[in-house]
There are 2 protein chains.
Amino acid sequence: MPRQADIARAAGVSQATVSVVLSGNRARVRMAEATRLRVLEAAEKLGYVPDPVATRLASSRNHMLGLYTFKTTFPTDVADSYYPILVGVEEEAAALGQDLILFTGRGGADRRAHDATAIRRTRVADGCLFFGRHVPDEAIGGLLESGFPLVYIGRRAELDGRIPFVGADYVSATRQVVERLVHNGHRNIRYLREQDDAPSSTDRERGFRQATAGLPASVHRLDGDGIDLDAWRREGVTAVVVEETDTWTAYNALTLALESRNLTCPDDLSLAVLGRPPVESAAVTGFAVPRREMGRQAVRLLVRLITREIGQDSPAAQQLLPCAPVGGTTVGPVR
Amino acid sequence: MPRQADIARAAGVSQATVSVVLSGNRARVRMAEATRLRVLEAAEKLGYVPDPVATRLASSRNHMLGLYTFKTTFPTDVADSYYPILVGVEEEAAALGQDLILFTGRGGADRRAHDATAIRRTRVADGCLFFGRHVPDEAIGGLLESGFPLVYIGRRAELDGRIPFVGADYVSATRQVVERLVHNGHRNIRYLREQDDAPSSTDRERGFRQATAGLPASVHRLDGDGIDLDAWRREGVTAVVVEETDTWTAYNALTLALESRNLTCPDDLSLAVLGRPPVESAAVTGFAVPRREMGRQAVRLLVRLITREIGQDSPAAQQLLPCAPVGGTTVGPVR
DNA sequence: CTGAAAGCGCTTACAG
DNA sequence: CTGAAAGCGCTTACAG
């Protein structure tokens with residue numbers, strides 16, 4: 001494969017000159033147009049393509065973006081909620097001329113021990129997208145401090161909120177859904193959430209509390225016990241909102257509870273999903289998490305971080321995308 | 001970030017010695033155990049992680065495998081047939097400690113002109129998986145000649161059959177399905193295939209012809225006209241086999257023809273899919289294309305090519321995986 | 001047993 | 001306007 005040195009020989013110039021010409025002469029070196037053309041022509045004739053590895057070692061960019069997931073990159077269980085993000089990532093990466101490196105090869109056994117090594121490896125790329133709840137503070141903090149561009153997909157508050165991210169605005173989306181319920185006369189609304197404290201869950205809770213300020217609304221954390229909807233009714237609950245997660249745990253528990261009352265679509269209870277209901281239950285009110293757009297915007301943000309167009313401490317490095325409302329038919333007046 | 005030079009200083013040895021120790025001393029250089037330990041300790045203390053870019057430039061391996069698709073890596077239209085392959089690829093790559101590079105960044109406009117450049121770029125990786133019908137002879141041939149390890153996913157006969165691949169054994173799988181029909185008494189069987197000449201289509205046709213040798217079996221290539229099943233019946237056809245492709249074109253055409261006779265499951269015609277029917281029509285006889293396994297085996301083969309465990313001209317560099325039969329209920333006796 | 005040197009293919013100051 | 005030099009962080013013969 002031809003190298004710059006070969007072109008230099010063919011064009012009768014130095015290898016450094018070839019480098020300058022081929023890199024578009026960003027350094028604005030003065031140069032005879034004839035020389036430039038001669039180099040370009042020789043490069044064309046020899047079928048030259050730069051070696052990305054050497055480029056990366058010598059300079060700082062190789063037009064490759066990393067994608068680091070803490071579990072598997074192509075999950076089989078939660079593929080539905082995950083795939084759209086990948087689609088968005090690829091779409092935008094392609095549009096911006098970036099290749100993608102999937103860091104999957106981080107050994108078997110002791111993953112925790114390998115994390116630091118694995119994460120440091122992301123440096124092959126110009127920058128890296130991270131996806132997952134897991135934030136290994138030290139490793140990520142080290143990357144951040146060294147100025148390595150990185151973007152989390154999904155909001156992250158760790159490391160004093162210094163992590164750039166592109167997330168979904170669950171607070172507003174939830175508030176809007178719940179406000180609609182309140183507008184319809186509901187005064188006792190219950191938020192069914194799962195056990196863990198993912199930002200997406202606590203953000204929903206925040207939006208919920210904003211919309212129900214002053215009302216007897218309450219949050220029910222899912223435990224092993226299942227849900228007693230009749231008891232909730234007796235407590236005066238007239239509407240239930242349930243969070244969507246990639247495992248559908250809370251949603252499924254609610255569905256189960258509804259079915260045990262022989263009601264998939266209850267007439268004495270309004271329902272809404274804080275997210276998008278599964279396709280089968282398309283009529284349920286909720287909102288759409290803009291996964292594909294999150295993928296796209298994460299790539300855009302990462303590239304702007306790489307080009308230093310914006311700094312990693314800039315407010316613009318943390319983005320929350322709006323969620324589109326999904327109409328549905330399960331939010332009615334109080335019964 | 002600490003480099004080998006830093007470790008060398010800390011351990012009081014030369015940088016080259018550090019390199020030898022850290023790379024596991026494959027060159028079997030004699031070395032005092034104490035020195036080795038001192039180096040290892042210093043590396044640990046400094047939190048050293050090798051720079052993959054430099055490693056790749058200096059040596060020949062960086063434990064990264066390329067994945068080059070001629071369309072989009074994450075398609076939205078044919079995701080179902082595609083995703084399992086990715087799952088297999090990732091699974092095996094992870095198991096073998098390999099990262100994955102997705103070559104998506106090959107500019108917009110003139111793709112054809114960029115192909116050579118884009119394909120040459122795959123050299124960043126230790127080897128590359130290719131996926132798609134498209135075989136740009138010159139570029140792939142160049143890679144092959146230079147000894148660059150590559151594996152196609154799906155059988156490819158181009159370049160005098162010199163391309164390593166992992167495909168599905170459509171010939172045998174089809175033959176078995178059709179033999180079952182023949183065994184059930186069918187003598188006039190029709191194979192419905194699509195227009196193009198993909199290996200997966202011609203392989204099916206070959207298996208079909210093997211099983212129907214001596215019988216009046218015939219192949220119908222789908223055109224714009226739709227299918228007249230009544231006419232086929234009058235011609236004496238008692239069984240139809242239809243190929244599965246990622247677009248389902250032929251299968252959908254057949255379904256349409258069946259529906260126009262108000263029969264989704266005809267009683268005067270036996271049916272089989274050369275592949276797996278869509279979930280809704282699970283009862284249809286067919287076979288399962290082992291997509292995930294193809295992904296896995298392609299990675300395994302690629303790694304063996306990279307390690308020179310097998311040569312690219314070895315027969316072992318071209319693999320056909322068996323397809324598991326899918327029982328179904330649509331293959332009956334002649335009516 | 002260990003170190004000094006060359007080289008992988010580039011980029012980027014720095015001299016002329 | 002162009003070239004010579006150093007360097008990115010490694011590996012790999014080759015000397016001692």
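Heavy-atom basis, side chains included; hydrogens, waters and symmetry copies ignored. Letters go in sequence order (proteins before strands), and every chain restarts at 1.
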Revision key, fill the gap. Expected string for nucleotides 3-9 of chain C under the B/S/- scheme (protein heavy atoms, under 4.0 Å, primed atoms plus P, OP1, OP2 as sugar-phosphate) is BBB-BBB

Exercise for review: Look at the side chain of B:A32 and decide which nucleotide, out of C:dT11, D:dC1, C:dT2, has an atom nearest to it.
Suggested key: C:dT2

**Study point:** N or O in side chain of A:S19 less than 4.0 angstrom from C:dT11 OP1/OP2
**Key:** yes

**Study point:** Parallel, tilted or perpendicular, as decided by the 30° and 60° cut-offs, for the rings of A:Y152 and A:F70
**Key:** parallel

Review point. Any idea how B:Y68 and B:F130 line up, ring-wise: parallel (<30°), tilted (30 to 60°), or perpendicular (>60°)?
Key: tilted

Revision key, fill the gap. The Watson-Crick or G-U wobble partner of D:dA13, with both key distances under 3.5 Å, is none

Review point. Taking a pair as Watson-Crick or G-U wobble with both distances under 3.5 Å, which nucleotide is matched to D:dA4?
Key: none

To the nearest Å, how far apart are [X] [atom1] and [N] [atom2]?
X	N	atom1	atom2	value
B:R123	C:dC10	CZ	C1'	16 Å
A:L22	C:dC10	CG	P	9 Å
B:L37	C:dT2	CG	C1'	16 Å

Review point. Is the number of heavy atoms from other residues, nucleotides or ligands under 6.0 Å of A:E33 CD greater than 12?
Key: yes

Check your understanding: Can you check whether A:V39 reaches A:V13 side chain to side chain, under 4.5 Å on heavy atoms?
Key -> yes

Check your understanding: So how far is it from B:I163 CD1 to B:R155 CZ, rounded to the nearest 0.5 Å?
Key -> 11.0 Å

Practice item. Would you check if the distance from the ring center of A:Y83 to the ring center of B:Y83 is below 6.0 Å? Key: yes

